[in-house]
Amino acid sequence: AKRQGRNAFQLYNNGISGLATSDFKMESLLREAIEKKEFVLHYQPQYDVKTLEIHGVETLIRWNSKELGMVSPADFIPLAEETGTIVEIGEWVIKEACRQNVEWQRRGLMHVPVSVNLSLRQFYQVNLVDKIAAILQETGLAPELLMLEITESIAMQEDIAIQVLQDLKALGVLIAMDDFGTGYSSLKYLHSFPIDHLKIDQAFTQNLENKEGLAIVTTIINLGKSLGICTVAEGVETSEQSNVLKELGCDIYQGYYYGKPLEAQALERHVQGGQK
Ligand code: C2E
Ligand code: CA
Ligand code: CA
Ligand code: CA
């Protein structure tokens, strides 16, 4: 079962183990997962629409729990967010993604930004900017090779959000607005938030064959163009979608058609294989 709001007795059916687990149990397992090294990062490539060269990679966390089997981020991220564990998990993700990117630079494999998803709670922690500055310092990653993905929900406290985003931009990192159009969209904050990338949610990409879907994606791409923000189409699964997006002037492809999220080594092979 999927999560339905806050309920300590909510049950999950987990992956291969098929065990049902309470939030309470899962939360205590989550807290130990970093130490037990149960988290793994996968990286999904993004490609330039015009040149089909690699443009970046998005970091997506996986939890391989000894007791629960593979747990989807869609199942544990909301719980980690509710209980606050996400702050520690998220910091580990940023550090590991930066370290990995530095390694890729060093080995001459790729020279592209790595994107990391920031949860709401993480975004609003008081020392976020200092933490990120420290991680960049510690790992030696150039700030322009780190992209932070936020969602529209950060607009809840608009003034604080603008300040945090400006501080992050001052550090030199890139900002992407994730799942654009699925939350509380406002044209006002698109103007006031310093955003580099606008990510078109996969639900829209996968709806391109109908009139409404096409209209929405066309609008987002044109919006990106007029604001000078790069548009990234998520969830590109077919050559048809890929062609339509190209015609509409979308900048970047991300999706199974171009590459699934892969562990670092597998991604290296995929990229060296000169994919697409
Ligand atoms: P998201 O940030 O919107 O990530 C995109 C999701 O779409 C990923 O699911 C990815 O595997 C999936 N995807 C990519 N291409 C395709 C495609 O062509 N077709 C389909 N059907 N799906 C595609 P995933 O990895 O299960 O992650 C789910 C969500 O969990 C993410 O959505 C993000 O909100 C969250 N998440 C993942 N990793 C992290 C993390 O490190 N921190 C935080 N705060 N959230 C994370
Ligand atoms: Ca994302
Ligand atoms: Ca997304
Ligand atoms: Ca999403």
Side-chain angles (χ1 to χ4, degrees), residues 2-3 14-15 30 33-34 38-47 56-64 70-100 113-125 128 132 135 146-154 174-183 185 195-208 217 220 231-242 245 250 252-263 266-267 270 275-276:
K2 279 265 157 83
R3 299 184 50 70
N14 288 299
L30 257 184
I34 293 186
E38 291 183 338
F39 291 121
V40 178
L41 296 184
H42 282 200
Y43 300 91
Q44 186 176 30
Q46 301 168 326
Y47 290 92
V57 290
E58 177 175 3
T59 308
L60 295 156
I61 194 169
R62 302 289 178 257
W63 181 21
N64 191 359
M70 278 303 253
V71 188
S72 157
D75 284 333
F76 73 85
I77 294 286
L79 179 68
E81 169 84 32
E82 253 178 70
T83 55
T85 322
I86 191 67
V87 173
E88 200 190 331
I89 297 172
E91 192 175 344
W92 176 83
V93 172
I94 300 172
K95 217 178 270 179
E96 179 55 21
C98 288
R99 186 206 62 73
Q100 181 65 67
V114 66
S115 299
V116 172
N117 292 286
L118 279 193
S119 78
L120 192 62
R121 191 116 166 198
Q122 235 184 321
F123 182 83
Y124 278 112
Q125 64 180 305
L128 173 74
I132 289 176
I135 291 172
L146 175 64
M147 173 135 18
L148 302 172
E149 297 199 1
I150 54 169
T151 61
E152 295 161 297
S153 58
I154 64 149
L174 304 166
I175 309 288
M177 178 62 77
D178 204 359
D179 302 343
F180 183 69
T182 63
S185 306
I195 290 161
D196 303 287
H197 281 33
L198 209 49
K199 299 192 76 175
I200 303 168
D201 194 74
Q202 59 183 53
F204 299 134
T205 304
Q206 284 156 17
N207 226 350
L208 273 171
V217 174
I220 297 177
T231 47
V232 183
E234 292 193 287
V236 183
E237 292 184 351
T238 67
S239 64
E240 288 79 11
Q241 289 162 357
S242 154
L245 288 161
C250 180
I252 296 151
Y253 292 132
Q254 181 177 350
Y256 293 170
Y257 184 67
Y258 290 97
K260 290 194 173 173
L262 296 168
E263 277 191 64
L267 178 79
H270 178 88
Q275 222 63 32
K276 302 279 175 193

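Both ligands and their constituent atoms are indexed starting at 1 by order of listing.
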Checklist entry - By atom name, which N, O or S atom of D179 is the nearest to the Ca ion (ligand 3)? => result OD1
Checklist entry - For atom 18 (O) of ligand 1, which of Y257, Y256, Y258 has the closest heavy atom? => result Y256
Next on the checklist: Below 4.0 Å, non-hydrogen atoms only: which portion of P261 touches ligand 1? Side chain, backbone, both or neither.
Outcome noted: side chain
Next on the checklist: When you measure from the heavy atoms of G90 to every atom of ligand 1, does any distance fall below 4.0 Å?
Outcome noted: no
Next on the checklist: Once you measure the plane-to-plane angle for F76 and W63, does it fall in the parallel (<30°), tilted (30-60°) or perpendicular (>60°) bin?
Outcome noted: perpendicular
Checklist entry - For the Ca ion (ligand 2), does an N/O/S atom of D178 lie at less than 3.0 Å? => result yes
Item to check | Atom name, E234 (N, O or S, nearest to the Ca ion (ligand 3)) | outcome: OE1
Checklist entry - Any side-chain donor paired with an acceptor under 3.5 Å for Q122 and N117? => result no
Item to check | Atoms in ligand 1 with a heavy atom of Q206 nearer than 4.0 Å | outcome: 19 (N)
Checklist entry - With respect to atom 23 (C) of ligand 1, which of Q44, Q122, Q202, E81 exhibits the smallest heavy-atom separation? => result Q202
Checklist entry - At the Ca ion (ligand 2), what is the angle formed between atom OE2 of E58 and atom OE1 of E149, rounded to the nearest 10°? => result 90°
Checklist entry - Between R121 and E82, what is the shortest heavy-atom contact and its length? => result NH1-O, 3.1 Å
Checklist entry - Which bit of D178 is near ligand 1, meaning a heavy atom under 4.0 Å away: side chain, backbone, both or neither? => result side chain
Checklist entry - Under 4.0 angstrom from ligand 1, any heavy atom of R62? => result yes
Item to check | Part of E58 within contact of ligand 1 (heavy atoms, under 4.0 Å) | outcome: side chain
Item to check | Backbone of L208 reached by a side-chain donor or acceptor of Q241 within 3.5 Å | outcome: no
Item to check | More than 12 heavy atoms from other groups under 6.0 Å of CD on E88 | outcome: no
Checklist entry - Without hydrogens or angle criteria, can the side chains of Q254 and Q46 be said to hold a donor-acceptor pair below 3.5 Å? => result yes
Next on the checklist: Taking side chain to side chain contact (heavy atoms under 4.5 Å, CB included) as the criterion, tell me which of L118, V116, I86 meets it with V93.
Outcome noted: V116
Checklist entry - To the nearest 0.5 Å, what is the distance between OH (Y43) and CG (L262)? => result 12.0 Å
Checklist entry - Given V93, D201, N117, L60, which one has a non-hydrogen atom that is nearest to atom 46 (C) of ligand 1? => result N117
Checklist outcome for this item: Under 4.0 Å from one or more heavy atoms of G255, ligand 1 contributes atoms 15 (N), 18 (O)
Checklist entry - What are the atoms of ligand 1, with element, lying closer than 4.0 Å to any heavy atom of E234? => result 3 (O), 5 (C)
Checklist entry - Does the shortest distance from the Ca ion (ligand 2) to an N/O/S atom of N117 fall below 3.0 Å? => result yes
Checklist entry - Between the side chain of T205 and the main-chain N/O of V236, is any donor-acceptor distance below 3.5 Å? => result no
Item to check | Minimal non-hydrogen separation, Q206 against G235, with atom names | outcome: NE2-O, 3.0 Å
Item to check | Under-4.0 Å heavy-atom contact with ligand 1, by part of D179 that carries it | outcome: side chain
Next on the checklist: Check this for me - ligand 1, T59, N or O atoms closer than 3.5 angstrom, yes or no?
Outcome noted: no
Next on the checklist: Would you compute the distance between atom CD1 of I175 and atom CG of L198 and round it to the nearest 0.5 angstrom?
Outcome noted: 13.0 Å
Next on the checklist: Applying a heavy-atom cut-off of 4.0 Å, say which part of Q254 lies close to ligand 1: side chain, backbone, both or neither.
Outcome noted: neither
Item to check | L148 side, atom CG; I94 side, atom CD1 - distance, nearest 0.5 Å | outcome: 6.5 Å
